[in-house]
> 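Can you read through this structure? Questions will come right after.
Quantities reported herein were computed from a predicted structural model and do not represent experimental measurements.
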Amino acid sequence: MTWSLALTLAYRLSMVATAAFILSRMPALGRILSRQLTPRDKLLLTLALGGMGIVGTYAAVPIHGALANSRVVGVMVAGLLGGPLVGAGAGLIAGVHRYLLGGFTAFSCALAAVAEGALGGLVQHYYRRGPIPWHVALLAGLAGETLQMAIILATARPFGEAWALVQIIGPPMIIVNSIGVAIFMVIVKTAAEQRERIAACQAQQALRIATQTLPFLRHGLNRESAEQTARIIYNSVKLAAVAITNGQEILAHVGRGDDHHHPGTPILTSATLKALATGEVQVAQTRDEIGCQEKNCRLASAVVVPLKRREVTIGTLKLYHDRENSITAVDLELARGLAHLFSTQLELAEVESEARLRAQAELKALQAQVHPHFLFNALNTIVSLVRTRPDKARELLIKLASFFRYSLRKDDAPIPLAEELAHVEAYLAIEGTRFGNKLQVVQLVDPAALTCPVPAFTLQPVVENAIKHGLQPKREGGRIKITAKDQPGEVIVTIEDNGVGIFPEELDKILLPGYGRGHGLGLSIVNERLKGLYGPGYALQVNSTPGQGTRVVLRFPKETSSQEVREDALYSCCG
């Protein structure tokens, strides 16, 4: 009887696998295994596994006025997954139900159910190394069922019948139900690991696609970038078609259906219009749900994901299959991941565009600051030389024309350091004539540094600052020293003066954006431009001692343009 009972109980354990499979499909599974359950999760887990305990009671085998059952599987799993409260709660549900069925072991089995659930919870509480492994679950099941037999012997009367019952049901229930608890935990854990593997693969694939599409999406969402992006996805994933739209029209469609889903035409599918209107993912498993206006369209199922910029839907990404009911959880997660990464890239492209416009505006502000007072002083100097030294006046006019031709350039593209130094020399030639012997200029430039790309109009404002605020207040004038050193990976330019210096409280302010009263408008704009182009690590370094002078250090990466630096920043944000 004992072994036939064991086989009967084992046969009825099929419900364990069913329940474990159902639990593995729950959205809360990740939170359950990571022990981050919400109160709602705990309540649902208590009710579900308490109900499983009731089912285990109904699947019991009547033996001598009692029931050989698998109730323990549900209540112990509740404790192993949710902790003591969840385990005890599920045990209470199953235990009350068992008590109401009656029999001389009714109270004993009800009490045992609560105790076993709490025992499973204690194992979960003290096992801190992640989800409960199968061998720990097996040992917990053995301990729980042994505890149930002990409770029956301690509380069920008459004792003789209780002892006879335990002899019959004890070994099979202890063995089979312990195995059932272990099997349940194995199924749940395996399902969770499989889900994580799928998510990891999709994340890797999404990042790989995002990396390939980055050079195109950094220019914003347009037909060209959408075409390249859709083609990359189509070539990377097994799909019938890939499409991208903005808010009004199709920007790109690659794959089946391209005979009528033409770029530039209005959006044809109702699923896309709904995604744009609601800002939510749309899953269309049939042709009718896609809602294409072309009757012979071969696209049969689709997932449509909105593309957003600052929470505003600006377009959609669409992944199509040519068979109905073909959109899987894998497709959905891939589409969501890609849409999130693309949305981030589009936001960064907008930030980059705004930074470029801001840099251009700052450059114009800097030019506007220089021109009026410099032009006035330069013309006064030239006028004073027209009669006495006409050749010098002519030379200065050429320098002045060269200076303004350079400073009025409209783009911010990098130029060789040699060109920027030539601009500085034109400026110093005019100022040197005005100041005479009061201005001394020393240049120590490493020839290898002259080809390094630097942003236009970065050195002259620093030199002007040194003359205007460092040397001009000194009655005897002073010296400007310009040094350019070639270093591995970068060129370091140092501009020093031996002027009046800057007081510490002023030094803390001159690089603040927009600070321009006194020393700093030129320096703060140059500083912001360098940080915007190359990153915070390339900010100006300013050191000054009152009464002794000021030293400004500028660093320029040798072979990295500002565009490449911004691309690197985008990669790091998306990767």
Side-chain angles (χ1 to χ4, degrees), residues 362-413 415-445 447 449-451 454-484 493-500 516 518-523 525-526 529 549-550 552 554:
E362 289 172 345
L363 181 59
K364 292 182 183 298
L366 193 54
Q367 292 168 339
Q369 168 198 292
V370 171
H371 294 167
H373 69 78
F374 176 71
L375 179 60
F376 177 79
N377 292 333
L379 290 177
N380 274 345
T381 302
I382 294 170
V383 167
S384 68
L385 295 172
V386 167
R387 290 189 177 182
T388 59
R389 300 172 62 188
D391 291 341
K392 185 66 175 177
R394 179 177 178 278
E395 179 188 339
L396 291 183
L397 280 173
I398 294 173
K399 293 286 188 182
L400 183 63
S402 174
F403 176 86
F404 276 97
R405 187 183 304 113
Y406 181 91
S407 63
L408 290 174
R409 56 189 295 139
K410 295 182 179 180
D411 62 71
D412 197 28
I415 60 169
L417 176 62
E419 288 188 30
E420 182 69 8
L421 288 173
H423 178 62
V424 172
E425 288 172 4
Y427 171 78
L428 287 172
I430 297 169
E431 291 291 78
T433 302
R434 188 162 71 91
F435 283 94
N437 295 331
K438 291 185 178 182
L439 176 61
Q440 301 173 25
V441 179
V442 178
Q443 292 194 52
L444 300 173
V445 179
L450 293 175
T451 58
V454 302
F457 216 60
T458 48
L459 300 185
Q460 187 274 334
V462 180
V463 172
E464 181 185 3
N465 231 57
I467 294 174
K468 182 178 179 181
H469 300 294
L471 302 183
Q472 192 170 320
K474 290 180 66 175
R475 184 173 301 177
E476 69 276 18
R479 183 188 73 250
I480 294 286
K481 182 179 179 181
I482 302 173
T483 305
V493 178
T494 304
I495 298 173
E496 301 177 76
D497 68 74
N498 60 349
V500 297
H519 288 280
L521 180 57
L523 292 183
I525 292 179
V526 171
R529 287 180 65 209
T550 302
V552 179
L554 303 91

> Checking side chain to side chain contact (heavy atoms under 4.5 Å, CB included) against Leu459, which of Val526, Val454, Leu417 comes through?
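It is Leu417, the one option of Val526, Val454, Leu417 that forms the side chain to side chain contact (heavy atoms under 4.5 Å, CB included) with Leu459.
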> Which atom pair, heavy atoms only, marks the closest approach of Ile480 to Ala466?
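Closest approach of Ile480 to Ala466: CD1-CB, 3.4 Å.
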> If you round to the nearest 0.5 Å, how far is CG of Leu471 from CD of Glu431?
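Nearest 0.5 Å value for the CD-CG distance: 10.5 Å.
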> Looking at OG1 of Thr451 and CD of Glu419, how far apart are the two atoms once the value is rounded to the nearest 0.5 Å?
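Interatomic distance, Thr451 OG1 to Glu419 CD, rounded to 0.5 Å: 12.0 Å.
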> Nearest 0.5 Å please: distance from the CD atom of Gln472 over to the CG atom of Leu439.
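Rounded to the nearest 0.5 Å, the CD-CG separation comes to 10.5 Å.
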> Looking at Ala456 and Arg529, what are the two nearest heavy atoms and their distance?
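Of all heavy-atom pairs spanning Ala456 and Arg529, the closest is O-NH2, 2.9 Å.
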> Atom OG1 in Thr483, atom CD1 in Ile495: separation rounded to 0.5 Å?
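Between atom OG1 of Thr483 and atom CD1 of Ile495 there are 9.5 Å.
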> Could you grab the distance from atom CD of Gln460 to atom CG of Asn465, nearest 0.5 Å is fine?
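Reported value, rounded in 0.5 Å steps: 9.5 Å.
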> Is a side-chain N or O of Glu420 found less than 3.5 angstrom from the main chain of Phe457, in a donor-acceptor match?
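Yes; judged by distance alone, with no hydrogens or angles, the pair exists.
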> Determine, step by step, whether Leu421 and Val493 satisfy the side chain to side chain contact (heavy atoms under 4.5 Å, CB included) criterion, reporting the C-alpha distance in whole Å, the side-chain angles of both residues, the deciding distance to 0.1 Å, and the verdict.
CA-CA 11 Å; Leu421 288 173; Val493 178; 5.7 Å; no
> How long is the span from the CD1 atom in Ile415 to the NE2 atom in His423, to the nearest 0.5 Å?
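These two atoms lie 8.5 Å from each other.
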> Is there a donor-acceptor pair under 3.5 Å between the side chain of Lys474 and the backbone N or O of Asn498?
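Pair found, side chain donor or acceptor close to backbone of Asn498.
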> Can you see which heavy atom on Gly470 is nearest to which on Asp497, and at what distance?
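Minimum heavy-atom separation between Gly470 and Asp497: CA-OD1, 4.2 Å.
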